[in-house]
Amino acid sequence: MPELPEVEHVVRTLRQLLCGDEILDVRVQRAPLIRPMTVAAFRAGVRGRRVEDVRRRAKFILIDLAGGRTILAHLRMTGGFVFAEPAVEPPENSRVVFYLKSGYKLGFTDTRNLGTMKLVRAKELGRLKELQPLGIEPLEPEFTPERLSELLGGSRRSIKEFLLDQTKIAGVGNIYAAEALHRAGISPRRRAATVAKSRERRAALHQSIVETLREAVEIQQTGIPLHLDLLGENIPNGYGPRTEEVFRVYDREGQPCDTCGAPIRRIKQGGRSTYFCARCQR
DNA sequence: AAACTCCCCTGATCGC
DNA sequence: TGCGATCAGGGGAGTT
């Protein structure tokens, strides 16, 4: 369920918490998570290594370790990290727990067991089947209206399905695709190619994608984090709005559109729900 | 290449 | 109330 903004928040927080610390040991409660790697190999590969950086690529979390190894993690639908103070135990249901030299612990929880974690060599990152196909980062400067237009090209797909394609724009998921399209006033059913043809529409979509994601990152930073729990007395946690309280259309079927008052509609596209306002999105 | 289908897994909710 | 069907914000593999 986490999309780019939620993953970005997890990454920024973990970067502060983990960098410079060392992984003393790891307990893998659920082996399939790190498949096809064996637990023994994973353990041997991370033990004694210092965390040098934590980064994001699309919805992937990269934890760079000393010695040219990187933990590549994906939260999928229900994954999340839990960072616990020395005196506090991470949740029982943690699939993986890292024990750090500082005494802190990092747990990985995942109700649906769809999340993944693997250890790779840093120099292989660019060729990984997970990372290689990924498209442009929408919050990087190279994402411009012109670039968006090129990507949209002559695609006959709906613009909503296009936005979910990680090989085009990386990191946008079902929620923020709907939110960005509402903000841009573009119907999710419109063909991608027709957005590319209109200077006005492609500019509006570009701006709405960037603004929607930027604002969502800010809310994650100041609000209640959805995919990262910090356990302990001395760790500041976020307060403020819940992310879902600021959605304009997502999961708001039947409620009035903030812009025009028409009821928000829900349709199916590519097997997934799309929420939109049929009056102000054209 | 794009567009299908099916699959992975668990829990909450829906509809009869 | 009970119970099967459906759905959930993720990606991947295989097919046409």
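By convention in this document, chain letters (A, B, ...) are assigned in the order of the sequence lines, proteins followed by strands, and residues within each chain are numbered from 1. Computed from a prediction, not measured in an experiment: that's the story for all the values here.
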Without decimals, in angstroms, what is the distance between [X] [atom1] and [N] [atom2]?
X       : N       : atom1 : atom2 : value
L33(A)  : dG11(C) : CG    : C1'   : 14 Å
L75(A)  : dG11(C) : CG    : P     : 11 Å
D165(A) : dC4(B)  : CG    : C1'   : 14 Å
D251(A) : dG9(C)  : CG    : C1'   : 10 Å
R266(A) : dT13(B) : CZ    : P     : 14 Å
L134(A) : dG11(C) : CG    : P     : 9 Å
E8(A)   : dG9(C)  : CD    : C1'   : 18 Å
H9(A)   : dG9(C)  : NE2   : P     : 22 Å

Find the distance between [atom1] ([X]) and [atom2] ([Y]) and round it off to the nearest 0.5 Å.
X       : Y       : atom1 : atom2 : result
E179(A) : Y250(A) : CD    : OH    : 10.0 Å
E161(A) : N174(A) : CD    : CG    : 10.5 Å
L163(A) : R157(A) : CG    : CZ    : 9.5 Å
T116(A) : I61(A)  : OG1   : CD1   : 10.0 Å

Hey, is the side chain of [X] poking within less than 4.0 Å of OP1 or OP2 on [N], counting only N and O atoms?
X       : N       : value
R191(A) : dA2(B)  : no
K129(A) : dG12(C) : no
Y250(A) : dG9(C)  : yes
S273(A) : dG9(C)  : no
K268(A) : dA8(C)  : yes

Charged N to carboxylate O below 4.0 Å: is that the case for [X] and [Y]?
X       : Y       : answer
E137(A) : R56(A)  : yes
R47(A)  : D25(A)  : yes
E150(A) : R147(A) : yes
E89(A)  : K105(A) : yes

Please measure how far the [atom1] atom in [N] lies from the corresponding atom in [M], and state the result in whole Å.
N      : M       : atom1 : result
dC7(C) : dT5(B)  : P     : 14 Å
dT6(C) : dC7(B)  : P     : 14 Å
dG9(C) : dC14(B) : P     : 15 Å

Just by distance, with hydrogens left out, do [X] and [Y] show a side-chain donor and acceptor under 3.5 Å apart?
X       : Y       : result
Y99(A)  : R27(A)  : yes
T70(A)  : D64(A)  : yes
R266(A) : S273(A) : yes

Within residues 110-120 of chain A, which residues have any heavy atom lying less than 4.0 Å from an atom of DNA chain B?
T111(A), R112(A), N113(A), L114(A)

Dot-bracket for DNA chain B: what is it, with Watson-Crick or G-U pairs under 3.5 Å, [ ] where a pair crosses earlier ones, and | for a pair to another strand?
.|||||||.|||||||

Taking the side chain of I175(A) as its heavy atoms from C-beta onward, which of dA2(B), dG12(C), dG9(C) lies nearest to it?
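Selected nucleotide: dG9(C).
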
Run the side-chain hydrogen bond (donor to acceptor under 3.5 Å, both in side chains) check on T78(A) and D110(A) step by step: do they pass?
CA-CA 5 Å; T78(A) 53; D110(A) 186 6; 2.5 Å; yes

For DNA chain C, the residues among residues 142-160 of chain A that have a non-hydrogen atom under 4.0 Å from it
none

E161(A) near the nucleic acid: base, sugar-phosphate alone, or nothing, with a heavy-atom cut-off under 4.0 Å?
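Since no nucleic acid heavy atom lies under 4.0 Å of E161(A), the category is nothing.
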
Step through it carefully: locate the ring centre of F143(A), locate the ring centre of H206(A), and say whether they are under 6.0 Å apart.
yes

